[in-house]
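Below, read A as the first sequence line, B as the second, and so on, with proteins coming before strands; counting in each chain starts at 1.
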There are 2 protein chains.
Amino acid sequence: MPKRVSSQGGDKRNRILRAAIAVFSRKGFFNSKVSEIARASGVADGTIYLYFKNKDDLLISLFEEKMSEVVADVIQRTASGGGALEKLKIFIDNHMDLLEREAGLIEVLQVEIRQSSKFLKDYAPVKFFDYLDVLSGILEEGKRDGVFRQDLNVGVARRVVFGAMDELSRTYILSKKQKFHPSITAGEIFRMLSEGLCAQRA
Amino acid sequence: MPKRVSSQGGDKRNRILRAAIAVFSRKGFFNSKVSEIARASGVADGTIYLYFKNKDDLLISLFEEKMSEVVADVIQRTASGGGALEKLKIFIDNHMDLLEREAGLIEVLQVEIRQSSKFLKDYAPVKFFDYLDVLSGILEEGKRDGVFRQDLNVGVARRVVFGAMDELSRTYILSKKQKFHPSITAGEIFRMLSEGLCAQRA
DNA sequence: CTCCATGGAATGAACCGTAATTCATCCATG
DNA sequence: CATGGATGAATTACGGTTCATTCCATGGAG
């Protein structure tokens with residue numbers, strides 16, 4: 001299990017991760033062969049087992065490491081927003097933007113990790129909760145500042161927001177002929193969530 | 001491939017479908033063994049192949065048939081609603097209620113069908129679109145009647161609504177210790193979507 | 001400067017468990 | 001006894017994982 005090779009081989013682990021993202025996103029975890037990932041990353045089958053315990057570990061590592069970056073990044077970005085509403089806007093924009101910047105990664109996170117709890121007996125996707133927590137923070141702040149309704153149930157609201165973004169992501173990923181642009185859609189989602197569907201307040 | 005057996009065995013196909021739902025929902029499609037489904041439905045392994053082409057076909061059939069019922073049922077139920085807003089309420093209530101009535105089924109539809117497009121090369125989940133179309137109909141009606149904003153993008157809105165419900169469903173399914181009650185949550189989702197998060201209209 | 005020893009990294013062919021599918025056989029019914 | 005559904009053990013393919021072998025960079029010795 002090489003830690004970090006001084007010469008040129010230092011990126012081998014990353015090459016494998018990148019290839020895994022590509023392959024998993026294309027064919028799904030269960031239909032992806034380790035040998036394919038090996039081929040795609042230009043290493044031998046056995047080499048993968050020098051860097052990862054097994055195929056499951058490859059998926060988990062991928063999730064943990066990449067999701068960490070995503071979470072750190074979105075925390076950074078939203079911090080620059082003035083109020084809760086602006087932060088929410090940034091959060092949503094960022095999420096939809098990821099679709100273009102990291103299409104394969106998002107696809108894996110979206111589809112494969114979801115059902116991971118089914119086959120990865122004990123694994124809890126902590127990083128995913130970190131991501132949701134950022135959203136909770138924004139919503140709490142908005143309540144505190146009177147921007148959002150006082151009776152907002154943050155536990156439900158964070159899921160509503162995430163679910164909306166997530167579903168649009170899926171639509172984007174699955175529709176071959178791109179019907180819409182992520183950033184434009186982000187605007188629509190934001191408006192819908194902040195103002196609601198109704199013409200008038202009841 | 002027996003169409004419909006006159007004697008007692010007529011329910012064999014259904015027994016298999018029911019068992020498949022239970023097994024798939026518990027362990028996921030790829031980790032479910034055909035022999036498990038056979039055992040759970042009280043038939044021999046080979047018998048399954050008298051009723052279904054293969055394991056994939058079992059999943060697809062399950063989806064098509066059960067989803068048809070769900071769609072027909074929700075069309076029926078929403079039809080009784082007075083206006084678009086009430087129909088939307090019914091739709092959301094119904095969706096969350098399915099979680100209790102058909103927990104296993106929803107879990108399969110939610111998690112397994114999602115990634116089906118990855119491994120079922122040509123299959124398009126038509127019934128899923130039928131379900132979304134019911135939602136579109138409600139939103140269109142609301143726009144026509146001035147209940148919903150005129151500039152609502154129905155294509156995006158239907159996904160926002162579905163995504164919100166869907167994400168809460170997932171939360172419900174995955175959290176062992178039930179933190180919330182589906183029908184109460186349904187109310188929160190409805191309010192959030194119709195009125196939005198904000199305290200004031202901008 | 002050349003040669004060789006050393007050890008860790010990389011290789012990939014072979015192993016092996018698993019599970020989808022088949023099919024020779026059995027059995028109930030009319 | 002003929003028909004056709006049902007059975008489940010055997011077949012077979014597949015692909016994750018292993019590990020004996022090879023490769024290569026380094027550095028010490030001659």
Side-chain angles (χ1 to χ4, degrees), chain A residues 1-24 26-62 108 112 115-116 118-121 123, chain B residues 1-24 26-62 108 112 115-116 118-121 123:
Chain A
M1 239 162 268
K3 275 279 124 60
R4 200 138 291 270
V5 180
S6 51
S7 59
Q8 35 60 55
D11 62 330
K12 202 153 277 188
R13 187 190 148 94
N14 261 314
R15 288 227 313 279
I16 295 170
L17 276 185
R18 237 194 304 282
I21 291 174
V23 175
F24 286 160
R26 185 143 29 81
K27 335 233 307 190
F29 179 77
F30 285 102
N31 290 87
S32 299
K33 299 168 214 167
V34 172
S35 59
E36 273 182 287
I37 296 169
R39 181 151 31 79
S41 44
V43 302
D45 295 13
T47 305
I48 289 180
Y49 291 86
L50 295 176
Y51 293 92
F52 302 94
K53 205 148 52 58
N54 51 37
K55 195 183 170 188
D56 286 1
D57 183 47
L58 188 48
L59 179 63
I60 293 180
S61 301
L62 184 167
V108 175
E112 306 307 325
Q115 43 141 242
S116 64
K118 288 279 178 51
F119 65 94
L120 301 174
K121 282 289 154 272
Y123 175 66
Chain B
M1 240 162 268
K3 275 278 126 56
R4 199 138 294 267
V5 181
S6 51
S7 60
Q8 35 60 55
D11 63 328
K12 201 153 280 188
R13 186 190 148 92
N14 260 314
R15 289 228 311 280
I16 295 170
L17 276 183
R18 236 193 305 284
I21 291 173
V23 176
F24 285 161
R26 185 145 28 82
K27 334 231 309 189
F29 178 77
F30 286 102
N31 289 90
S32 299
K33 298 166 212 172
V34 172
S35 60
E36 271 182 289
I37 296 169
R39 180 151 33 78
S41 45
V43 301
D45 294 13
T47 305
I48 289 179
Y49 291 86
L50 295 176
Y51 294 92
F52 302 95
K53 203 150 51 60
N54 51 38
K55 195 182 169 190
D56 286 1
D57 184 46
L58 187 49
L59 179 63
I60 293 180
S61 301
L62 184 166
V108 175
E112 305 307 324
Q115 44 142 243
S116 65
K118 289 279 179 50
F119 66 94
L120 302 173
K121 280 289 151 274
Y123 175 66

Practice item. Any pair with a residue in residues 29-51 of chain A that passes salt bridge (Lys or Arg N to Asp or Glu O under 4.0 Å), sequence neighbours left out, goes on the list, sorted by first then second residue, please. Key: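 Those involving residues 29-51 of chain A are K27(A)-E36(A).
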Take the protein atom [atom1] of [X] and the nucleotide atom [atom2] of [N], then report the distance between them rounded to whole Å.
X	N	atom1	atom2	result
I16(A)	dA10(C)	CD1	C1'	10 Å
E36(B)	dA20(C)	CD	C1'	13 Å
Y51(B)	dG4(D)	OH	P	15 Å
R13(A)	dG8(C)	CZ	P	20 Å
F52(A)	dA10(C)	CZ	P	12 Å
I48(B)	dG5(D)	CD1	P	17 Å
L50(B)	dC23(C)	CG	P	13 Å

Practice item. Mind telling me whether F30(A) and F30(B) have parallel, tilted or perpendicular rings, with 30° and 60° as the class edges? Key: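 Ring orientation, 0 to 90° scale: parallel.
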Practice item. Classify every nucleotide of nucleotides 8-23 of chain D by which part a protein heavy atom approaches to under 4.0 Å, writing B for the base, S for the sugar-phosphate alone and - for neither, in 5'-to-3' order. Key: B------SSBB-----
Of all the heavy-atom pairs spanning [X] and [Y], show the shortest one and how long it is.
X	Y	result
I21(A)	V108(A)	O-CG2, 3.7 Å
F24(B)	K55(B)	CE2-CE, 4.4 Å
F52(A)	D57(A)	CA-OD2, 3.5 Å

Exercise for review: Return the set of residues passing side-chain contact (heavy atoms from CB on, under 4.5 Å) with V43(A) (not counting sequence neighbours), or none when no residue passes.
Suggested key: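 Per chain and number, V43(A) pairs via side-chain contact (heavy atoms from CB on, under 4.5 Å) with K12(A), R15(A), I16(A), A38(A), S41(A), T47(A), I48(A).
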